[in-house]
Amino acid sequence: MALECADDWSNHALDRFSYLNVRPATGAEELTVRIVRDPALRHEQFRLDVRPGSVDVVAADRAGVGHAATVVRQLLPADAWRRTPVERGSWVLPVVAVDETPAYPWRGFMLDVARHFVPKQDVLRLVEHLAMHRLNRLHLHLTDDQGWRVESLRHPRLAEVASGRAETVIGVPGVSEPPSFDGTPHGGYYSVADLREITAHAARHGIEVVPEIDLPSHADALIAALPELAVPGTAPRPVNPTWGVIGSLISPLPAARAVVAELLAEVADAVDSPYLHVGGDEAPLDEWAGSAAVRDYMRASGLASIAELQSEVYGFLGRTVEELGRRPVMWDEGFHVHGIPASTIIMAWRAQSHGVGALRAGHDVVMAPVDGTYFDYNESGDDEPLALGAGQDIEHVAAFTPTIPADVPGALLGVQAQLWTEYTPDTRTVAYRTFPRLAVHAANAWTGESTPWPGRRDELTTHLARLAAAGIEYRPLAGPHPWQRGGTGRRKAISPHRVNE
Ligand code: ACM
């Protein structure tokens, strides 16, 4: 198997076609993979021509080459997805001609590594699984009330204190009452070198990492480690062992902002990405309103209301990201707070209507609504393990596409699926909740259209064999394996919430 390719692409191409065991060409091979650069093609576009004895790829950039490598692998038997193929003598590649460009430049998956830490090696595998589905953004929700997963060289207490919690609530708060706790510590964090490795591994696979530092709310872990960031007058707090909108905020005062700017600079240094997400979601403002020191600051700064203070703080977060040379990203609440930079990308999570509002105001938008893209909800509810709720079945995910009016000034960048991990305590459950729903989401993200269901069920069934060969412990279409169920114990699904409520 031979490879012919422009020199500066050859390492990349050898890497992406490694499952074929390709070698630089010597002239005596039965199959030659030829890769040609054509700058006239669009970003991520590829042309693929498979004929007897040759695989021809034309692309404008490495991302296109990577997608072509993925499509060739899909054309082979599912065994081609094993990490090291065990038998390749009988592989037959069908003759095909393909010319594809993705509908959206942003095809994302968000993993919450704050509620439950996901070890680095599993994130590296996930990157490969995203590339397998031609997704191109890995959004890592790195911080929340229950854990801070980023090493800070300036503030070692973040790793020492904020990366672990003493215990975790059992069941779903508000549903299982009174709350009880498991008494077992949980934690973990990525070193700066780990984050650089994840970023580089993602780049090799055509994926940009979007790191999220969730501010100014969801900050209990941060404040537990650095109490100087607490709103003056509030009680000390531990890294939080329970779930929900907790209501704590970081201090909006200048001394706290200086530390926040330092932390964001450290994250930008560890994750070389065009983007830096600063959260902005679920921020009740009571702690600011109740603090005499905050009111003094508002008077001194001429801020007439808590809403004006919020605009000022969100504006500061956005501008700090811009000063780091990155594009700010915020959840849709950020759009409703006036004062954020016009460059801010809005992730519409509560409903697509918030994304439409942001598009009308000229922001670029990623559609990531609960209804259709939140994988922390179970598919059926029966037999499944503990989750926030149910109703996010394949049919629902297949039906999801953005609906936007014509002639809005902002650009719809794309779509993203989310896995929040309050009820996803380990990597096996991550795989269970993510696949195969993510395969369907990725198909919609690539084509820009919904997936006919059950019309494409056979195709998805074929794909399940690839997932199995890749070692992904997906949820079978007919329902969970016995060992994937919640049973009658602590992991029994008890929540009555539905995804489309
Ligand atoms: C979110 O689900 N709070 C973005």
Side-chain angles (χ1 to χ4, degrees), residues 106 108-116 137-149 172-174 210-222 240 242-250 275-285 310 314 317-318 321 328-337 340 344-358 363 365-378 387-392 396-397 400 402 413-424 430 433-434 437-438 441 495 497-501:
W106 186 299
F109 179 63
M110 187 217 78
L111 182 62
D112 168 9
V113 295
R115 270 52 176 269
H116 281 99
R137 297 285 185 280
L138 171 60
H139 169 175
L140 292 175
H141 181 77
L142 289 164
T143 70
D144 216 300
D145 295 306
Q146 300 81 8
W148 181 278
R149 308 289 172 218
V172 178
V210 182
E212 181 189 352
I213 302 299
D214 200 356
L215 295 166
S217 185
H218 289 281
D220 272 11
L222 174 62
N240 208 298
T242 190
W243 320 124
V245 180
I246 313 262
S248 63
L249 295 168
I250 55 159
Y275 313 103
L276 180 50
H277 196 312
V278 284
D281 60 322
E282 297 179 322
L285 304 176
Q310 188 183 22
Y314 280 54
L317 291 171
V321 172
V329 188
M330 290 187 193
W331 297 109
D332 60 55
E333 289 95 329
F335 154 66
H336 295 282
V337 177
I340 61 171
T344 307
I345 295 169
I346 297 298
M347 281 190 170
W349 74 274
R350 290 175 296 174
Q352 290 205 44
S353 55
H354 295 282
V356 170
H363 287 283
V365 164
V366 175
M367 289 294 190
V370 175
D371 192 2
T373 74
Y374 267 39
F375 291 176
D376 48 333
Y377 287 82
N378 279 334
L388 181 57
Q392 196 78 278
H396 216 73
V397 175
F400 167 71
L413 298 182
V415 296
Q416 181 170 288
Q418 280 59 235
L419 182 59
W420 302 97
T421 58
E422 289 94 331
Y423 309 104
T424 302
V430 169
R433 295 213 193 285
T434 305
R437 289 185 289 191
L438 190 61
H441 175 84
S495 171
H497 301 312
R498 302 289 299 179
V499 72
N500 52 357
E501 265 164 13

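This chain uses plain numbering: 1 for the first residue, then up along the sequence. Indexing begins at 1, ligand by ligand and atom by atom, following the structure's order.
Between F400 and H441, the ring planes are parallel. Angles under 30° get that label, and only those over 60° would be called perpendicular.
When only modelled atom types and interatomic distance are considered, W349 and E282 share no side-chain donor-acceptor pair under 3.5 Å. Between the side chains of Q416 and W106, a donor-acceptor pair is found at a separation under 3.5 Å.
For E282, every heavy-atom contact with ligand 1 shorter than 4.0 Å involves the side chain, none the backbone.
The only option from T242, V245, D214, D220 that meets the side-chain contact (heavy atoms from CB on, under 4.5 Å) definition with D145 turns out to be D220.
Closest to atom 3 (N) of ligand 1, if we only count protein heavy atoms, is D281 OD2, 2.7 Å.
Less than 4.0 angstrom separates some heavy atom of Y374 from each of these atoms of ligand 1: 1 (C), 2 (O), 4 (C).
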